[in-house]
Novice: 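Dropping a structure here in structure tokens format, bear with me for questions.
Note that these values count all heavy atoms, side chains included, but never hydrogens, waters or copies made by symmetry.
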Amino acid sequence: MKKLFLPLFALMATTSFACTNYIVGKKASADGSVICSYSADSYGMFQGLVHYPAAKHAKGELRKVYEWDTNKYLGEIAEAEETYNVIGNINEWQVTIGETTFGGREEMIDTTGVIDYGSLIYIALQRSKNARQAIDVMTSLVEKYGYYSSGETFTICDPNEAWIMEMMGTGSDRKVEKARTVWVAVRIPDDMICGHANQSRITTFNMKDKENVRYSKNVVSYARKMGWFSGKDAEFSYNAAYAAPDFSGRRICDARVWTFFNRYADGMDRYIPWAEGKDANAEVMPLWVKPNKKLTVHDVEEAMRDHYENTPFSLDQDMGGGIWDMPYRPTPLFFEVDGKKYFNERPVSTQQAGFVFVSQMRSWMPREVGGCFWFANDDGNMAPFTPVYCCATESPRPYNTPGVDELNFSMDNAFWVQNWVSNMVYPRYSMMFPSLKQVRDSLDNSYFCAQKEVEDKALTLDEAARVKYLTGYTAEKADQMLARWCQLATYLIVKYNDMTIKPEQNGRFTRTKYGLGSTPVRPGYPARYARGLAKEVGSRLEEPQK
């Protein structure tokens, strides 16, 4: 999602967009899988689990392109003769693509381009059998048709490799630059973890390493032509030339990468000054680090639920979370009081997430089974990740509900039911979140416990039966999750009605000996908030001494 180009505090008056991607190489994961994650964050965004069925297309057939963010019609491109099955952001070959927008130099946007970043992702998924082919497809398409969006970082993975690619246009005037994009792609070492979060992350790169580094022919010459770089080719830094990190790029964006690294790698304290964003001479945080343990899918899910807990950026250090210590902040991120400008921390887990995924790609399994796409249709902290197999030929109804959109609610739709629950919990977080977490974790654990048995059964079937079985299992888990979340919604409104807590015993609400509901507990203010309030009100609300 987009990071706007405006100066830091000019963002106050606009809607900003932001996403987070994490990447785990196959030798950095516990089971040898390549893992990547994506939180699609945008206020007002409504999207379920997209599905593009495999298809054959007639020669000369054209495809209409609509901008993913706005639905604006951009133009037409030639359709591929064959396209592959895509469910969410993974295809039948286990190729997975995510993104975050870093913006970069505004003059580099090509307003005549026909393909935006979102369309580029899904078109590439329909045309690629591996990550390298996806890079070829993406770069050749934008060179032919033009790249409509601002600067973008893409996560591009398959069961064997993980890549990070950064791309920008070269403006709309072809007299200035004939080539339409400048891009670089770098393979993440197999034993490393990586991340990006709306700040360009690629600095210098080895132009001689043809196996692990790919780039456009003009990646350096364009910067020279524009007067943005004058050194030796080996000194060229992509982000220094096209999207240099400023305060917001470090504190609002790179800090989200830092917290992932800090969670699973040693020695990350040295990069706190970088993430704080205020020290111009701070040591630059590396593109990737080696984890101190092998990561599981669950580990990455937990990273997508992060709010900077137990770090210098933790959101529990001020009154911004309200009475019940909500680790979320109202937007916009920036605000002004008495002529002074302030900002809120921006954690990975955020209320504007439309969907979150963790993709698991395994090379040693048949592709129908190897690609498991763990999907949450809301803020990842507030929802379980249900398993979606890459061979699924249908999007489950809770994630693809007819007649439902950002303005039409339905109890049959996962996005809306999960957002209903989330919006009950946000303002009374410390009071209500433990109940949500218990159900969320129970569901997550049930999926992990069932995974081996489900996949073992799938491996006994022929390919057609396997696809049918895993499509059915994907739908079954989505349906069960939605039913359980509907139960949770009604439970929460009963248990926590009117800021009280109804007593329970053995999982059931208790009653008096006369049959009425037991007297609710009135918890009052949490101690930390009560102390702060007492200090603020002073003697005005102090009870007189007897």
Novice: For S422 and D378, which I'm curious about, is there any donor-acceptor pair between the side chains at under 3.5 Å?
Specialist: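 There is such a pair (donor and acceptor under 3.5 Å, judged by atom type) between the side chains of S422 and D378.
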
Novice: Yes or no on ring-ring contact (aromatic ring centres under 6.0 Å, His included) for W258 and F313, after CA distance, side-chain angles and deciding distance?
Specialist: CA-CA 11 Å; W258 177 85; F313 312 110; 5.5 Å; yes

Novice: Whether the side chain of R201 engages the backbone of P286 through a donor-acceptor N/O pair (distance < 3.5 Å, no angle test) should be reported.
Specialist: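 Between the backbone of P286 and the side chain of R201 there is a qualifying donor-acceptor contact (under 3.5 Å).
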
Novice: Can you confirm whether or not the ring centre of Y73 sits under 6.0 Å from the ring centre of Y66?
Specialist: yes

Novice: Please check if the side chain of N198 supplies one atom and the backbone of C19 the other of a donor-acceptor pair under 3.5 Å.
Specialist: yes

Novice: Is a side-chain donor-acceptor pair under 3.5 Å present for Y271 with N262?
Specialist: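 No donor-acceptor contact under 3.5 Å links the two side chains.
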
Novice: Pair V454, L470 - check side-chain contact (heavy atoms from CB on, under 4.5 Å), show working.
Specialist: CA-CA 8 Å; V454 169; L470 291 175; 4.0 Å; yes

Novice: Looking at side-chain heavy atoms only, is the closest gap between T153 and M165 below 4.5 Å?
Specialist: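 With C-beta onward as the side chain, the pair stays apart.
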
Novice: Do the two ring centres, one from F343 and one from F247, sit under 6.0 Å apart?
Specialist: yes

Novice: Can you say whether the rings of F357 and Y38 are parallel (under 30°), tilted (30 to 60°) or perpendicular (over 60°)?
Specialist: perpendicular

Novice: Side chains of H196 and D254: do they bring a donor and an acceptor to under 3.5 Å?
Specialist: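 No - no donor-acceptor pair under 3.5 Å links their side chains.
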
Novice: Is the distance between the ring centroids of W183 and Y238 under 6.0 Å?
Specialist: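 No, they do not, as the ring centres are separated by 6.0 Å or more.
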
Novice: Classify the side-chain pair N381/Y328 by whether it contains a donor and acceptor separated by less than 3.5 Å.
Specialist: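 N381 vs Y328: donor-acceptor pair found between side chains.
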
Novice: Can you confirm whether F375 sits close enough to Y399 that some side-chain heavy atom of one is under 4.5 Å from a side-chain heavy atom of the other?
Specialist: yes

Novice: Between the side chain of T70 and the main-chain N/O of K72, is any donor-acceptor distance below 3.5 Å?
Specialist: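 Indeed, once roles are kept as given, a pair shorter than 3.5 Å links the two residues.
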
Novice: So does P273 get a backbone contact from the side chain of R250, meaning a donor-acceptor N/O pair under 3.5 Å?
Specialist: yes

Novice: Treating N292 as the side-chain partner and R263 as the backbone partner, does any N or O pair qualify as donor plus acceptor under 3.5 Å?
Specialist: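 It does not hold such a pair.
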
Novice: Tell me whether T474 contacts the main-chain N or O of Y389 through its side chain, where contact means a donor paired with an acceptor under 3.5 Å.
Specialist: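 Judged by distance alone, yes, a pair lies under 3.5 Å.
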
Novice: Do S314 and H307 pair up side chain to side chain, a donor and an acceptor below 3.5 Å, judged on atom types alone?
Specialist: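 Side-chain D/A pair, S314 to H307: absent.
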
Novice: Of the options R187, K27, K26, which is the one that meets E161 in a salt bridge (charged side-chain N to carboxylate O under 4.0 Å, His left out)?
Specialist: R187

Novice: Less than 4.0 angstrom from a charged side-chain N to a carboxylate O is my criterion; do D191 and K294 meet it?
Specialist: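 No salt bridge links D191 with K294.
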
Novice: Could you check whether any side-chain heavy atom of F433 comes within less than 4.5 Å of a side-chain heavy atom of W324, counting everything from C-beta outward?
Specialist: no

Novice: Does the side chain of T259 come under 3.5 Å of the side chain of D306 through a donor N or O and an acceptor N or O?
Specialist: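 Yes, a side-chain donor-acceptor pair sits under 3.5 Å.
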
